[in-house]
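Okay, structure first, notes after.
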Amino acid sequence: MNVQQSLHFIRRGLHCARALRTQNVHQGPTDTLLPGQFLVGAPHPVSNIRPIAFYIASDETPSERTYRLMREEAASTDHLFWADNNTRFERGRIEFERTRIDRTGSCTLDDLSVYFQEYQNESYERHVEYNKYVWKRNWRMVWPGIRAWVDEVRRRGRRREFAVARHAEQGYFFGREGVEKDRVKDVKDGSAPQPSQPEANRRDEKIRSYY
C-alpha cells in the first residue's frame, strides 16, 4: 500500500466515525454511566481493538463534545486500520502455508519466519504513515483535551449528584430503599444494634480469641 492509499484509508476511517456519531450508537449504553465512567467492550475478533462508549453529559459543553468526538474518531480509525492490517496478514499467511505445503509437504515455524519478514517489509511504509498520523492526531488532541478537562472539573460535583439521584430513581441502586426502611423500623422498635465496645476492648477480645 502506498502513501496515497494509506491517506485514503485514514479518510475512510474518519468518514465511518462520523457515520457512527450520526447513528448515536453510544446514547443507550451510556445512560447507566456516572460522570467520568466509560464502557469497554470485548476485543474485536479481527482488529483486537476494544470498543469504548464514552459518558455523554446532558449539559455537555462544546469543548467536551469536540474532544469526545475526536476520541471516537481516533478509536474508529484505529479499529479500521488494524482490522485491515490483520486481515491482510492472515490472508497472506494462509496463502503462504498452502503454497509451502504444496511445494514441500509441510510448513514449519522456520518457514513462517520467512513470511513474517516479508510481511514486515511489505507493510513498512503503510505502518510508517499510520504512526505519523497517530502522532499528529495525538498532538491535535492535547489542547481540546485540556479545555474539556477544565469544563468537566467545573461541573463534576453537580453532574455526579444529578447522576446518582437519577440512578436511584430508576432503581440502579437496587435494595437501597428497602434497606433504609428496615433501618428506620429497627430504630423505632428498639431492635437497632447498640454501640460496640471501645476499640481497645475489641482488640483485646480478638487477641484472646486466638489462644
Side-chain angles (χ1 to χ4, degrees), residues 1-58 60 63-101 107 109 111-142 144-145 148-149 152 163 167 172:
M1 177 181 290
N2 56 32
V3 175
Q4 293 297 330
Q5 290 174 325
S6 300
L7 295 177
H8 172 73
F9 173 79
I10 293 173
R11 287 194 293 269
R12 187 181 66 178
L14 297 179
H15 173 75
C16 292
R18 295 188 184 97
L20 289 176
R21 293 205 308 271
T22 302
Q23 296 174 5
N24 202 17
V25 296
H26 295 327
Q27 191 65 33
T30 56
D31 289 344
T32 62
L33 297 179
L34 294 175
Q37 294 180 336
F38 52 87
L39 296 176
V40 180
H44 190 272
V46 179
S47 69
N48 294 319
I49 299 296
R50 292 179 178 270
I52 301 177
F54 297 99
Y55 170 79
I56 304 177
S58 58
E60 185 178 47
S63 296
E64 291 176 309
R65 173 178 170 79
T66 298
Y67 182 57
R68 176 176 58 80
L69 295 182
M70 293 179 71
R71 296 175 71 186
E72 291 179 355
E73 283 187 355
S76 176
T77 304
D78 291 343
H79 161 70
L80 291 174
F81 175 85
W82 288 109
D84 177 75
N85 178 81
N86 296 344
T87 300
R88 290 167 178 265
F89 178 84
E90 286 299 319
R91 184 167 58 240
R93 182 186 62 81
I94 294 173
E95 182 62 26
F96 179 87
E97 290 179 343
R98 182 183 298 111
T99 302
R100 182 69 63 168
I101 291 174
C107 182
L109 294 179
D111 295 333
L112 285 177
S113 66
V114 176
Y115 167 72
F116 295 156
Q117 184 63 48
E118 292 177 353
Y119 182 81
Q120 289 178 345
N121 295 337
E122 180 271 332
S123 61
Y124 176 78
E125 292 295 334
R126 180 160 50 89
H127 281 267
V128 167
E129 293 301 320
Y130 172 73
N131 288 336
K132 290 180 179 178
Y133 159 76
V134 171
W135 276 100
K136 293 178 181 179
R137 179 189 73 190
N138 291 345
W139 276 110
R140 288 197 303 268
M141 293 175 64
V142 171
W149 176 79
E152 190 274 331
H167 287 189
Y172 290 122

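Please read all numbers here as calculations on a predicted model, not as lab measurements. For the single chain, residues carry numbers from 1 onward in sequence order.
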Original post:
Who pairs with His127 by ring pair (Phe, Tyr, Trp, His ring centres under 6.0 Å), at least two apart in sequence or on another chain?
Top reply: Phe81, Trp82

Return the minimal non-hydrogen interatomic distance between [X] and [Y], and the atom names on each side.
{"X": "Ala83", "Y": "Thr87", "value": "O-OG1, 2.6 Å"}
{"X": "Tyr133", "Y": "Arg140", "value": "CE1-NH2, 4.3 Å"}
{"X": "His79", "Y": "Ser47", "value": "ND1-OG, 2.8 Å"}
{"X": "Pro51", "Y": "Ala42", "value": "CD-O, 3.2 Å"}

Report yes if some heavy atom in the side chain of [X] is under 4.5 Å from a heavy atom in the side chain of [Y]; otherwise report no.
{"X": "Tyr130", "Y": "Asn85", "answer": "no"}
{"X": "His44", "Y": "Asn86", "answer": "no"}
{"X": "Met70", "Y": "Pro144", "answer": "yes"}
{"X": "Leu80", "Y": "Asp84", "answer": "no"}

Subject >> side chain to side chain contact (heavy atoms under 4.5 Å, CB included) against Arg93, all qualifying residues, sequence neighbours excluded >> reply: Phe89, Glu90, Glu97, Leu112, Tyr115

**OP:** Flag yes if more than 12 heavy atoms outside Leu109 fall under 6.0 Å of its CG atom; otherwise flag no.
**Re:** no

Reported [atom1]-to-[atom2] distance for the pair [X] and [Y], which is rounded to 0.5 angstrom:
{"X": "Asn121", "Y": "Phe116", "atom1": "CG", "atom2": "CZ", "result": "13.5 Å"}
{"X": "Tyr55", "Y": "Glu152", "atom1": "OH", "atom2": "CD", "result": "9.0 Å"}
{"X": "Ser76", "Y": "Leu69", "atom1": "OG", "atom2": "CG", "result": "12.0 Å"}
{"X": "Glu64", "Y": "Ile56", "atom1": "CD", "atom2": "CD1", "result": "11.0 Å"}

Subject >> Residues which pass salt bridge (Lys or Arg N to Asp or Glu O under 4.0 Å) with Glu118, listed by chain and number, not counting sequence neighbours >> reply: none

Original post:
Going by an N to O cut-off under 4.0 Å, is there a salt bridge joining Arg68 and Glu72?
Top reply: yes

